[in-house]
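Data first, discussion second: the structure below is written as structure tokens.
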Amino acid sequence: GNSVTQMEGPVTLSEEAFLTINCTYTATGYPSLFWYVQYPGEGLQLLLKATKADDKGSNKGFEATYRKETTSFHLEKGSVQVSDSAVYFCALSDRAGANNLFFGTGTRLTVIP
Amino acid sequence: EPEVTQTPSHQVTQMGQEVILRCVPISNHLYFYWYRQILGQKVEFLVSFYNNEISEKSEIFDDQFSVERPDGSNFTLKIRSTKLEDSAMYFCASSERQGNSPLHFGNGTRLTVT
């Protein structure tokens with residue numbers, strides 16, 4: 001079946017620290033992979049995505065590389081800011097053209113000044 | 001920027017009661033979705049809706065659930081006889097099309113069944 005496992009939170013970092021949030025997946029076929037972010041009081045927003053192996057998605061300083069050999073899509077940012085404090089969700093869609101997403105549990109990140 | 005709006009933000013209801021969760025998708029979007037997240041668990045797909053009918057649904061979306069687009073702007077999720085385990089955050093989403101078209105989510109409605 002399809003599932004996503006992501007790093008348990010919460011994660012607390014100081015400003016300018018390096019961030020990694022781990023995400024691994026199980027899927028049939030060739031999934032597309034996503035990171036969504038939910039800022040306080042808001043809905044989930046697409047942060048970045050990758051649709052095939054070795055693709056790198058990037059946005060707002062965040063990056064994630066689709067690693068088929070390790071079935072992973074870890075989220076990284078070199079220097080976090082207070083404004084990055086949010087809940088981050090890893091997700092996959094198991095079919096081209098499908099919007100039925102399988103999400104992880106979410107990882108809450110708090111960045112302190 | 002256009003956004004998906006959901007009302008109410010928090011709904012409290014008694015077990016066995018019917019609830020209707022409301023969503024206004026982005027106006028030019030054609031595909032609509034409901035997801036839910038039970039506290040501490042994963043965000044789970046419930047149903048997708050296109051052209052006035054359900055296009056896909058999960059095992060969670062049983063006979064107690066229904067969706068409707070009663071007019072040109074609203075998209076509703078009805079839970080006929082709520083159970084304690086229906087307590088969750090319910091997210092509505094819409095997309096312009098299928099495929100490589102991002103989902104736009106609302107802020108969610110927190111449903112508490114007592």
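We name chains A, B, ... by the order of the sequence lines, and we start the count at 1 in each one. Bear in mind that the values here come from a model prediction, so they are computed numbers and not experimental data.
- Taking the six-membered ring where the residue is Trp, F61(B) and F65(B) present parallel rings, their angle staying beneath 30° rather than reaching 60°.
- Contact of Q6(A) with chain B is not made at all, since no heavy-atom distance falls under 4.5 Å.
- When heavy atoms are compared at a cutoff of 4.5 Å, Q6(B) does not approach chain A at all.
- With a threshold of 4.5 angstrom between heavy atoms, E42(A) approaches chain B through its backbone and through its side chain.
- A salt bridge links E44(B) with R36(B): at least one charged nitrogen is closer than 4.0 Å to a carboxylate oxygen.
- Of the listed residues F103(A), F89(A), Y36(A), the one with more heavy-atom pairs under 4.5 angstrom with chain B than any other is F103(A).
- A 6.0 Å sphere centred on CD of E3(B) holds no more than 12 heavy atoms belonging to other residues, nucleotides or ligands.
- Side-chain contact between R22(B) and I20(B): present, with at least one pair of heavy atoms (C-beta onward) separated by less than 4.5 Å.
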